[in-house]
Amino acid sequence: AQSVTQLGSHVSVSEGALVLLRCNYSSSVPPYLFWYVQYPNQGLQLLLKYTTGATLVKGINGFEAEFKKSETSFHLTKPSAHMSDAAEYFCAVSDGGGTSYGKLTFGQGTILTVHP
Amino acid sequence: DTEVTQTPKHLVMGMTNKKSLKCEQHMGHRAMYWYKQKAKKPPELMFVYSYEKLSINESVPSRFSPECPNSSLLNLHLHALQPEDSALYLCASSLFTEQPQHFGDGTRLSIL
């Protein structure tokens, strides 16, 4: 079974400050890891993904995340927050295809607020 | 703009009604998914179709009936729903099941 824990249901930063959203996962197989963003009244948009290879992955809108196997973490960062980053962020894990058919297990989400 | 299109965007129905939600993608994706998202909660998987065959049913009540008529279209037929079924229903697709999923903007369903 897989699980995801997002530390902090709400994170508040000032515009221009570092954004750090924390995600820890549990998986019995090598995980596929994802970060999605959801704006109000919209679906989920893929920010970035880790499957294999380079552990530092870059995504859209200046976000990046680092896969740390020893810490079972996949934290999301952005050097400088913008007002448009205010949204809810979900970390998700899957074991790829196979018998799970790519089933995503999501964390509880973190709402990011950006203050001017 | 999303490449996964869901209609309608909003739906209000009574508990005795029959309605359908529709999802389309034209990206050549072979896996399609239905998720249910309650307010302030993460999405929960309901169904997975792979190559137009139902591959996963997450013990969803039979009042929800999925259908995949072709590789581009996914329907969710609704009948005799309960008030607790009110939620945002999200459709997603991926090239293959191990690839990242792309989501539509959802149908917001309210059961009276």
Side-chain angles (χ1 to χ4, degrees), chain A residues 1-6 9-10 21 23 25 27 29-53 57-60 63 65 74 87-112, chain B residues 1-7 9-10 21 23 25 27 29-60 66 68 87-109:
Chain A
Q2 298 178 309
S3 66
V4 175
T5 301
Q6 290 183 239
S9 58
H10 290 80
L21 304 183
C23 172
Y25 69 91
S27 178
V29 298
Y32 286 30
L33 294 160
F34 308 87
W35 275 100
Y36 284 89
V37 61
Q38 186 173 32
Y39 297 97
N41 300 313
Q42 292 187 22
L44 278 69
Q45 181 182 11
L46 179 67
L47 281 177
L48 48 80
K49 67 181 188 295
Y50 169 80
T51 53
T52 59
V57 294
K58 296 185 184 299
I60 62 172
F63 285 95
F74 190 58
E88 187 162 20
Y89 292 78
F90 290 98
C91 181
V93 63
S94 84
D95 63 2
T99 57
S100 72
Y101 291 93
K103 174 182 176 179
L104 288 174
T105 299
F106 288 91
Q108 290 299 304
T110 297
I111 295 173
L112 176 66
Chain B
D1 289 341
T2 181
E3 296 177 17
V4 177
T5 304
Q6 291 188 242
T7 54
K9 293 190 183 302
H10 302 274
L21 309 184
C23 173
Q25 58 85 16
M27 297 179 283
H29 289 180
R30 304 315 303 267
M32 298 187 77
Y33 309 78
W34 280 115
Y35 288 84
K36 174 182 179 179
Q37 186 179 25
K38 300 284 281 185
K40 302 186 187 303
K41 294 291 187 182
E44 295 179 342
L45 182 67
M46 300 174 71
F47 303 103
V48 179
Y49 275 84
S50 179
Y51 289 89
E52 302 157 50
K53 293 185 178 180
L54 182 63
S55 302
I56 290 184
N57 175 342
E58 291 284 276
S59 302
V60 178
C68 189
L88 180 67
Y89 288 83
L90 294 165
C91 174
S93 71
S94 61
L95 183 59
F96 303 109
T97 54
E98 64 269 25
Q99 298 296 317
Q101 295 174 29
H102 299 261
F103 285 79
D105 283 339
T107 294
R108 190 162 299 280
L109 177 65

S.K.: The criterion is ring-ring contact (aromatic ring centres under 6.0 Å, His included); which residues satisfy it with Tyr32(A), sequence neighbours excluded?
M.R.: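 Tyr32(A): no ring-ring contact (aromatic ring centres under 6.0 Å, His included) contacts found.
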
S.K.: Once rounded to the nearest 0.5 Å, what's the spacing between atom CG of Asp105(B) and atom CD of Gln45(A)?
M.R.: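 If we round to the nearest 0.5 Å, Asp105(B):CG and Gln45(A):CD are 10.0 Å apart.
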
S.K.: Is chain A contacted by the side chain of Ser55(B), its backbone, both, or neither, given a heavy-atom distance below 4.5 Å?
M.R.: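 For Ser55(B), backbone and side chain are both near chain A.
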
S.K.: Does any heavy atom of chain B fall under 4.5 Å from the side chain of Tyr36(A), the backbone, both, or neither of them?
M.R.: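 Answer is side chain: those atoms of Tyr36(A) sit under 4.5 Å from chain B.
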
S.K.: Report all side-chain donor-acceptor pairs from residues 33-46 of chain B shorter than 3.5 Å, counting only partners two or more places apart or in another chain.
M.R.:
from     : atom 1 : to        : atom 2 : distance (Å)
Tyr33(B) : OH     : Tyr101(A) : O      : 3.3
Tyr33(B) : OH     : Ser94(B)  : OG     : 3.2
Trp34(B) : NE1    : Asn75(B)  : O      : 3.3
Tyr35(B) : OH     : Gln101(B) : OE1    : 2.7
Gln37(B) : OE1    : Gln38(A)  : NE2    : 2.9
Gln37(B) : NE2    : Gln38(A)  : OE1    : 2.9
Gln37(B) : NE2    : Lys41(B)  : O      : 2.9
Lys38(B) : NZ     : Glu84(B)  : O      : 2.9
Lys38(B) : NZ     : Ser86(B)  : O      : 2.9

S.K.: Please walk me through it: do Arg108(B) and Asn41(A) pass side-chain contact (heavy atoms from CB on, under 4.5 Å)?
M.R.: CA-CA 9 Å; Arg108(B) 190 162 299 280; Asn41(A) 300 313; 3.9 Å; yes

S.K.: Looking at Gly107(A), Ala92(A), Ser94(A), Ser9(A), which makes the most heavy-atom pairs under 4.5 Å with chain B?
M.R.: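 Highest number of heavy-atom pairs under 4.5 Å: Gly107(A).
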
S.K.: Can you say whether Leu104(A) sits under 4.5 Å from chain B via the side chain, the backbone, both, or neither, judging by heavy atoms?
M.R.: both

S.K.: Who wins among Leu90(B), Leu88(B), Ile56(B) for the most heavy-atom pairs under 4.5 Å with chain A?
M.R.: Ile56(B)

S.K.: Any chance you could measure Thr51(A), atom OG1, to Glu98(B), atom CD, to the nearest 0.5 Å?
M.R.: 10.0 Å

S.K.: Is chain B contacted by the side chain of Leu46(A), its backbone, both, or neither, given a heavy-atom distance below 4.5 Å?
M.R.: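 For Leu46(A), the side chain is the part near chain B, not the backbone.
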
